[in-house]
Amino acid sequence: MKKFKRYLVTSALPYANGPLHIGHLAGVYVPSDIYTRYLRMKGEDVISVCGSDEHGVPITLKARKEGVSPQEIVDRYHEINKKAFSDFGIAFDIYSRTSNKIHYETASEFFLNLYEKGEFTEKNSEQYYDEEAGCFLADRYIMGTCPHCGNENAYGDQCEKCGTSLSPSDLINPHSTISGSKPVLRETLHWYLPLDKYEPWLRKWILEEHREWKTNVYGQCKSWLDQGLQPRAVSRDLDWGVPVPVKNAKGKVLYVWFDAPIGYISATKELTPNWEKYWKDKDTRMIHFIGKDNIVFHCIIFPSMLNAEGTYILPDNVPANEFLNLEGEKISTSRNWAVWLHEYLEDFPGKQDVLRYSLCASAPETKDNDFTWKEFQARNNNELVAILGNFVNRTLVLTNNYYEGKVPSRGVTDKYDESVLKEIGKIRVNVETSIESFRFREALKEAMNLARLGNKYLADTEPWKVVKTDPERVKTIMNIALQITANLTIILEPFLPFSMEKLRGWLNTGKKQWSDAGQTDILLTGHMVNKPELLFDKIEDEAIDRQVAKLMASKKANEAASVITVPSKDPVSFDDFSKIDIRTATILEAEKVPRTTKLLKLKIDTGIDVRTIVSGIAEYYEPQAIIGKQISIVANLEPRKIKGIESKGMILMAEDKDGKLVLVSPSDKVSNGSMIK
RNA sequence: UGCGGGGUGGAGCAGUGGUAGCUCGUUGGGCUCAUAACCCAAAGGUCGGAGGUUCGAAUCCUCCCUCCGCUACCA
């Protein structure tokens with residue numbers, strides 16, 4: 001493998017329209033932080049850059065909704081997120097933002113450079129335009145009736161009721177959400193990055209030269225490349241963003257995914273005047289830490305931009321993670337299904353490392369993973385407390401009891417002692433190998449093995465027993481136990497920086513280099529250590545129950561808030577109403593329609609006849625349970641074949657806010673066929 | 001119905017051709033320095049099923065079963 005002189009670590013710029021949650025941390029920032037801390041301890045020349053991504057339509061939408069400016073929105077979340085990172089010890093060298101002047105300059109220059117080289121293609125296209133508000137409309141700004149389900153509040157890109165993805169021209173009765181007026185199509189000019197042109201180069205660069213990338217990343221790229229790349233617009237009609245720096249570009253800004261990765265460059269510029277060393281020297285190794293939603297931008301688009309520009313280096317690896325679920329469900333900002341970083345610290349003050357540990361141990365490295373509070377508790381109690389904290393405590397308590405805190409000398413060592421000491425070095429190498437291959441779960445497990453080793457050593461040598469017969473031997477044992485403890489402060493430092501700082505305090509030592517790991521005389525004879533406190537404490541069931549209850553509460557609140565009362569429909573005449581034959585009937589038989597999830601085949605007595613109706617209620621009613629039940633039906637609906645079965649009529653049901661269907665029945669028994677009017 | 005991802009000891013997972021492994025749990029034992037923590041040992045799996053390729057398959061191929069997500073079926 002190529003030897004690099006320095007490292008440039010980038011972490012996905014969080015979007016400044018909301019606070020950070022555990023998914024962000026687990027997927028991107030904990031791994032990136034571990035990696036960076038490790039490199040720094042090795043004495044490598046490394047910088048880690050990040051910042052807020054502050055442009056794009058969602059931010060303008062949110063601003064409009066709250067009646068404030070986009071700048072106010074991004075200011076708010078920039079501060080919150082910057083603080084969250086610093087609170088959790090995510091040690092970027094700089095946390096910048098894309099609304100900075102330096103970023104505007106950098107992004108403009110970058111665009112202009114490609115523009116002047118003729119890398120872009122220009123194309124006119126038709127976009128929806130709001131004549132009243134005088135602006136073009138992003139898909140999200142257009143609402144109308146969904147052609148599939150009839151929902152009158154479908155967005156131009158997606159109907160949230162039936163989930164179908166749409167384009168604005170699909171909508172019936174489209175209207176602008178800004179002015180309410182009917183949008184018209186209007187021609188607009190945009191600049192495109194011809195990704196199709198770069199395809200051969202990308203194929204070679206990724207598929208041949210970077211086979212070592214993680215399988216999820218490589219596979220994703222391959223599938224994109226195999227599908228064929230299309231030119232992508234790099235500009236938008238919007239007033240929030242970096243203006244397109246050419247003539248005839250009034251009201252146009254750089255599209256957010258074009259300007260965001262350039263944010264890495266501007267952040268580096270802001271950090272150091274030597275920024276070019278990190279971006280333009282082939283001896284720099286650039287690593288992008290991202291989530292899987294970002295793979296295409298960091299593996300295809302941004303590299304294409306950099307390559308087209310020509311003077312920049314390309315990422316050497318893009319260790320993207322998958323997604324973290326929470327208690328079995330997808331994390332969702334809008335549904336408040338998340339553990340927010342700032343709230344976590346209110347509930348668990350000082351327990352940054354516990355979350356870092358737990359998120360790293362179950363990070364979604366190869367596939368989506370689930371975070372549960374129960375597992376979080378188990379990781380803390382069974383691993384951090386029982387294995388790590390306990391070993392440290394045993395060692396320091398014994399040292400204080402026997403030697404008043406003075407490190408005893410190591411006398412004659414036996415074979416077992418030697419093998420334990422040697423094991424420390426092996427563990428260090430294992431941790432290194434794992435971190436350098438971006439396998440952080442494995443690295444952490446291996447690092448914890450050092451604490452396991454310590455516990456085993458004490459159990460095997462039993463100093464509390466031997467002390468009565470052979471005090472000289474105990475000095476050797478405790479010296480070795482202390483050396484293991486000292487090594488822990490090095491090997492676990494990238495993972496648990498807060499706790500290791502504490503531990504160093506008790507050991508009365510300073511920060512060490514990574515190369516010190518494996519050494520067996522870190523604490524010299526006679527060195528004084530302090531009295532320890534508990535490195536971690538147990539998390540009781542109540543604390544966990546409270547968190548789960550909190551989630552359940554937000555789930556409930558959500559449901560309540562999501563009740564959409566459908567406005568009343570247009571009036572109909574009584575004549576029209578009377579055309580519908582609604583009457584009572586009794587269910588005689590019910591069975592599931594095979595190979596469907598929702599359909600029941602019902603035989604019902606309508607008073608006038610016995611007929612078959614197919615109804616989509618199987619998810620809410622067991623066939624057996626509804627036989628004999630009296631219900632209401634539309635008797636004169638034209639028959640329709642559903643799944644090959646002729647359905648004559650329709651069962652009336654009330655649909656609850658969560659989509660649950662409930663049969664509508666007469667409150668007292670009436671004869672079948674009674675008219676409902 | 002289509003697409004995608006899974007099915008490995010009680011639970012959660014690792015393991016892409018060569019004697020089936022980890023964490024937790026269970027049971028028994030040891031220890032009592034330590035936050036009832038630690039250490040050792042044992043039990044427990046025909047790696048969803050059937051065929052095939054191979055000297056050899058959890059691992060490759062074919063078919064099937066099953067679970068999950070999206071999709072379809074709800075008039």
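FYI, side chains are in, hydrogens and waters are out, and symmetry mates aren't considered; it's all heavy atoms of this structure. Letters A, B, ... mirror the listed sequences (proteins, then strands); counts begin at 1.
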Sticking with atom P, work out how far rU54(B) lies from rG49(B), rounded to a whole angstrom.
-> 23 Å
If you look at every strand shown and take non-hydrogen atoms under 4.0 Å, does Leu453(A) touch a base, only sugar-phosphate, or nothing?
-> nothing
Presence of Lys456(A) side-chain N/O under 4.0 Å of rC38(B) phosphate oxygens OP1/OP2 | no
With a 3.5 angstrom cut-off on both distances, give the Watson-Crick or G-U wobble partner of rU23(B), or none if there isn't one.
-> rA11(B)
In whole angstroms, the gap separating P of rU32(B) from CZ of Arg394(A) amounts to 11 Å
P gap between rG25(B) and rA37(B), integer Å | 9 Å
Should the pair Tyr35(A) and Phe440(A) be assigned to parallel (<30°), tilted (30 to 60°) or perpendicular (>60°) ring geometry?
-> perpendicular
For rC55(B), which nucleotide is its Watson-Crick or G-U wobble mate, given both distances must be under 3.5 Å?
-> rG18(B)
Describe the nucleic acid contact of Val385(A) in one word from base, sugar-phosphate, nothing, applying a heavy-atom distance below 4.0 Å.
-> base
Could you check whether Asn401(A) gets within reach of a base, just the sugar-phosphate, or nothing at all, counting any heavy atom under 4.0 Å?
-> nothing
Measure from CD on Glu446(A) to P on rU23(B) and round the result to the nearest Å.
-> 11 Å
Taking rU35(B), rA75(B), rU23(B) as options, the one with an atom nearest any side-chain atom of Glu383(A) is rU23(B)
Side chain to side chain donor-acceptor pair (under 3.5 Å) between Ser499(A) and Asp353(A), intermediate numbers included | CA-CA 7 Å; Ser499(A) 310; Asp353(A) 278 350; 2.6 Å; yes
For the residue pair Arg379(A) and Leu384(A), establish whether any side-chain heavy-atom pair is separated by less than 4.5 Å.
-> no
Which residue lies toward the 5' end of RNA chain B, Lys445(A) or Asn381(A), if each is placed at its nearest nucleotide?
-> Lys445(A)
Considering only atom P, compute the distance from rG7(B) to rG12(B) and round it to an integer number of Å.
-> 12 Å
Whole-Å distance, Lys374(A) NZ to rU23(B) P, equals 18 Å
For atom P, what is the distance between rG52(B) and rU16(B), given to the nearest Å?
-> 26 Å
Using a cut-off of 4.0 Å on non-hydrogen atoms, how would the nucleic acid contact of Glu442(A) be classed: base, sugar-phosphate, or nothing?
-> nothing
Ring pair (Phe, Tyr, Trp, His ring centres under 6.0 Å) between Trp373(A) and Phe348(A), intermediate numbers included | CA-CA 13 Å; Trp373(A) 281 107; Phe348(A) 297 101; 5.8 Å; yes
Write down the distance between CG (Leu398(A)) and C1' (rC31(B)), rounded to a whole number of angstrom.
-> 13 Å
Among rC38(B), rC24(B), rU35(B), which nucleotide sits nearest the side chain of Asn393(A)?
-> rU35(B)
C1'-based separation of rA43(B) from rG4(B) [nearest Å] = 39 Å
Remember a base hit wins even if backbone is also touched, and classify Val467(A) as base, sugar-phosphate or nothing at under 4.0 Å, heavy atoms.
-> nothing
Nearest-Å distance, CG (Leu384(A)) to C1' (rA37(B))?
-> 14 Å
Would you mind reading off the distance between Asn382(A) atom CG and rA11(B) atom C1', rounded to a whole angstrom?
-> 13 Å
Tell which nucleotide pairs with rC63(B), taking only Watson-Crick or G-U wobble pairs whose two distances are both under 3.5 angstrom.
-> rG49(B)
P atom, rG10(B) versus rU46(B): distance in rounded Å?
-> 9 Å
Heavy atoms under 4.0 Å, any strand shown: does Ala386(A) hit a base, just sugar-phosphate, or nothing?
-> sugar-phosphate
Figure out the CG/C1' separation between Leu444(A) and rC13(B), and round it to whole Å.
-> 15 Å
C1' atom, rG44(B) versus rU23(B): distance in rounded Å?
-> 16 Å
Got a sec: does the CD of Glu501(A) have more than 12 other heavy atoms crowding it under 6.0 Å?
-> no
Spacing of Phe391(A) atom CZ relative to rU32(B) atom P, expressed in whole Å | 18 Å
Distance, C1' atom - from rC22(B) to rG15(B), rounded to whole angstrom | 10 Å
Shortest side-chain distance from Asp460(A), nucleotide among rC39(B), rA34(B), rA75(B) | rC39(B)
Going by distance alone, is a donor N or O of one side chain under 3.5 Å from an acceptor N or O of the other, for Asn382(A) and Gln377(A)?
-> no
Across the strands shown, which category fits Lys538(A) at heavy-atom distances under 4.0 angstrom: base, sugar-phosphate, nothing?
-> base
Test item: Glu589(A) side-chain N/O and Ile627(A) main-chain N/O as donor-acceptor pair under 3.5 Å | no
Shortest side-chain distance from Asn455(A), nucleotide among rA75(B), rU32(B), rC39(B) | rC39(B)
Which base sits across from rC38(B) as a Watson-Crick or G-U pair, both distances under 3.5 Å?
-> rG30(B)
Under 4.0 angstrom, heavy atoms only, what part of the nucleic acid is Leu534(A) near: base, sugar-phosphate, or nothing?
-> base
Which comes earlier along RNA chain B counting from the 5' end, the contact point of Glu533(A) or that of Met650(A), where each point is its nearest nucleotide?
-> Glu533(A)
Would one find more than 12 heavy atoms of other residues, nucleotides or ligands at under 6.0 Å from atom NZ of Lys475(A)?
-> no
Under 4.0 Å between any heavy atoms, over every strand shown, what does Phe536(A) touch: base, sugar-phosphate, or nothing? Just pick one.
-> base
